[in-house]
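Working notes, beginning with the structure itself.
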Number of protein chains: 2
Amino acid sequence: MSSKALSIKDIAKKANVSITTVSFILNGKAVEKNISTAVIEKVEKIIKEDGFKPNQVARSLRTGSSKIIGLIVEDISNPFFAGIARLIEDKAYKKDYKIIYSSTENQPGKAKDLINLFKSRQVDAYIISPAGGTEEEIQGLIKEHKPVVLFDRYLPGLNANYVGVDNFKASYQATEHFIHRKKKNIALVTVDLSVEQINERSEGHRQAILDYELPFHAELVIRIPFAQPKEETIQQLIHFFNQYAEIDAVLFATNYLAISGLTALKQMDKAIDKDFSVIAYDDGEVFKLHTPQISAVEQPLEEIAENIINLIFQQLSADQLPAPQKVILAAKLLVRSS
Amino acid sequence: MSSKALSIKDIAKKANVSITTVSFILNGKAVEKNISTAVIEKVEKIIKEDGFKPNQVARSLRTGSSKIIGLIVEDISNPFFAGIARLIEDKAYKKDYKIIYSSTENQPGKAKDLINLFKSRQVDAYIISPAGGTEEEIQGLIKEHKPVVLFDRYLPGLNANYVGVDNFKASYQATEHFIHRKKKNIALVTVDLSVEQINERSEGHRQAILDYELPFHAELVIRIPFAQPKEETIQQLIHFFNQYAEIDAVLFATNYLAISGLTALKQMDKAIDKDFSVIAYDDGEVFKLHTPQISAVEQPLEEIAENIINLIFQQLSADQLPAPQKVILAAKLLVRSS
DNA sequence: CTGAAAGCGCTTACAG
DNA sequence: CTGAAAGCGCTTACAG
């Protein structure tokens with residue numbers, strides 16, 4: 001029963017030609033190498049009949065390339081990353097590249113392992129939403145002239161290709177929106193990660209308040225520990241909203257914090273209305289279907305994916321790597337209820 | 001700048017030993033092979049200093065294994081699959097296996113490509129939520145004695161390991177729940193895929209109605225085309241709910257159909273209350289946060305992942321493959337509002 | 001028009 | 001205690 005996989009040698013023997021000939025035919029070089037039509041047909045027939053598939057591991061070892069792009073994200077079950085992954089996969093597939101992906105869960109150790117795993121598997125290019133602490137590994141990839149594109153999160157020390165949105169501006173606009181609606185005590189619920197992207201979101205909030213000459217209340221900015229279980233976050237937020245009853249608007253700096261926050265508000269029976277407004281980062285079904293609908297900062301998934309894949313293919317087809325580019329896209333504030 | 005990757009040969013040369021010795025040390029066979037402590041230390045020092053990582057492609061080519069498990073799902077951006085992926089990844093990681101995953105989008109062509117891709121990459125085991133039309137490829141894997149576990153969706157023709165929930169029973173119980181609440185016209189919104197799992201969900205609905213001797217209204221079962229754009233589905237459902245105003249309860253056979261359905265109801269301004277009940281398949285944040293909260297059939301993600309990974313490791317560690325097992329788990333009806 | 005042979009970077013049976 | 005050598009399945013420069 002067990003059909004040990006065929007090799008190019010088996011095909012060559014069966015067709016009475018050399019493995020060189022079979023290899024040329026497999027790689028579409030038959031014509032260029034002047035293989036006779038008769039031979040080509042004979043070999044192709046055997047390949048098809050036997051269902052022979054060349055061993056890509058051997059091919060990779062020999063050529064040093066794999067036609068695989070590695071995608072490393074923080075958490076694939078986050079809809080933002082899942083959406084990006086899906087779009088990138090589609091686009092890569094059309095150019096005959098496959099994507100393999102994995103989640104870092106924001107653990108530098110795991111992120112490093114993954115980069116090394118991909119490297120040792122001869123992945124041709126890397127798309128990374130980088131965890132802090134992986135600068136060295138990423139720098140290493142760049143040094144080895146591997147195509148790399150970072151997205152979502154930017155590591156300041158690195159001169160690498162990057163695609164992301166203007167987080168400062170998005171937060172600024174969201175906060176400004178609140179201010180125009182006469183909000184006075186605009187809370188920010190964010191995460192205690194000290195990464196660019198998150199810092200920018202805080203800064204935008206702060207700067208808008210200062211620019212409009214409103215008092216900035218530092219105590220209305222709450223930083224939730226990254227790995228904290230959801231239930232605890234909900235309790236913490238209930239406490240927070242109760243403690244500062246003057247809050248009349250909240251900006252949530254991430255998708256999952258918004259979900260915990262809405263759950264907290266629901267448990268408190270606190271209405272979202274003219275007196276208490278909410279804006280979430282990253283749109284999702286859950287915000288559209290919520291009653292009332294929740295306004296959200298939408299990152300342009302399609303545009304992000306498009307830019308990433310373009311940068312990757314630009315690098316893949318270049319003789320030497322072009323200078324790193326930074327593509328900063330605009331997020332969009334979807335206003336749904338006040 | 002460009003540091004061409006080191007090889008075992010470079011290390012051997014530097015340490016003045018043979019590559020055999022380096023290989024033994026790398027693979028933890030140093031003691032077993034009686035390599036002297038002095039040599040071990042010298043070699044390990046060089047490996048660490050130079051940051052040498054063995055080329056896994058070469059290793060795979062030589063050993064035929066890769067310590068990689070391939071996970072093939074319908075759509076990684078579906079929270080059910082993303083959740084499973086995440087859990088499986090965690091568990092595999094602990095045993096030093098990596099997961100690579102990819103989406104089939106329910107296209108048999110893509111699913112076949114992926115199986116072949118994984119095969120040609122020497123993936124050690126396969127976890128597949130199978131698209132119809134891939135029976136042959138999966139049978140091929142089994143024939144080659146590759147560890148395989150199917151989940152979520154079952155392909156009747158195949159005698160393979162399988163982990164899933166009892167869909168018939170879950171639908172039956174959901175429908176029964178409606179009947180106990182005196183519902184008379186229980187609609188079913190399902191998808192037009194003719195796969196076991198979906199058929200069972202329809203059957204459970206039908207059987208419950210028949211068992212309780214209620215009239216079965218075939219026109220209250222609507223089958224939405226699988227690839228239909230969301231907006232059209234919403235319009236179709238609005239039309240459906242308007243046409244059959246007698247409907248007093250709806251069971252949605254999938255997660256995303258429930259989301260489209262809730263959107264339709266929202267657009268119609270149709271309240272979900274004592275007179276109009278809803279149950280969704282697969283739980284999610286969106287149902288918990290909805291007003292009112294939506295009841296859901298919850299598949300036990302953790303249990304599913306656990307069983308899958310156990311079956312995989314059972315096969316991986318067996319000398320010869322054990323007889324295929326089918327693990328059928330119970331889904332749970334989460335009653336939230338009537 | 002086609003083939004023999006080297007080599008990609010490993011692992012491991014065999015020899016000493 | 002350690003090493004030379006074969007071989008995993010390919011690709012490709014070279015020879016004829």
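The structure presented is a predicted model; accordingly, all values stated were derived computationally and were not measured.
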Between [X] and [N], is there a contact of a side-chain N or O with OP1 or OP2 at under 4.0 Å?
X: A:Ser60; N: C:dC8; result: no
X: B:Thr21; N: D:dC1; result: no
X: A:Asn27; N: D:dT11; result: yes
X: A:Ser18; N: C:dG3; result: yes
X: B:Thr20; N: D:dG3; result: no

message: Would the distance check show the side chain of A:Ser23 and the main-chain N or O of A:Ile19 forming a donor-acceptor pair, the cut-off being under 3.5 Å?
response: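 Judged by distance alone, no pair lies under 3.5 Å.
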Atom [atom1] of [X] and atom [atom2] of [N]: how far apart are they, to the nearest Å?
X: A:Gln56; N: D:dC8; atom1: CD; atom2: C1'; answer: 15 Å
X: A:Lys53; N: D:dG9; atom1: NZ; atom2: P; answer: 17 Å
X: A:Phe24; N: D:dT11; atom1: CZ; atom2: P; answer: 10 Å
X: A:Asn55; N: D:dT11; atom1: CG; atom2: C1'; answer: 13 Å

C:dG3: pairing nucleotide in any strand, Watson-Crick or G-U under 3.5 angstrom: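 With both distances under 3.5 Å, C:dG3 matches D:dC14.
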- request: Could you pick out which residue, A:Val22 or B:Asn34, lies toward the 5' side of DNA chain D when each is mapped onto its nearest nucleotide?
  value: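 Between the two, 5'-proximity favours B:Asn34.
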- prompt: Hey, which of these two, A:Thr63 or B:Ala58, hits DNA chain D nearer its 5' end, going by closest nucleotide?
  reply: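 Looking at DNA chain D, the more 5' nearest nucleotide goes with B:Ala58.
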- request: Pick base, sugar-phosphate or nothing for A:Lys33, based on heavy-atom distances below 4.0 Å to the nucleic acid.
  value: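 Base contact.
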- prompt: Hey, does A:Ser23 reach any base, or is it just sugar-phosphate, or nothing, if we go heavy atoms under 4.0 Å?
  reply: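 Result for A:Ser23 = base.
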query: When the ring planes of B:Phe151 and B:Phe80 are compared, do they come out parallel, tilted or perpendicular, using 30° and 60° as the limits?
result: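 Answer is tilted, since the angle falls between 30° and 60°.
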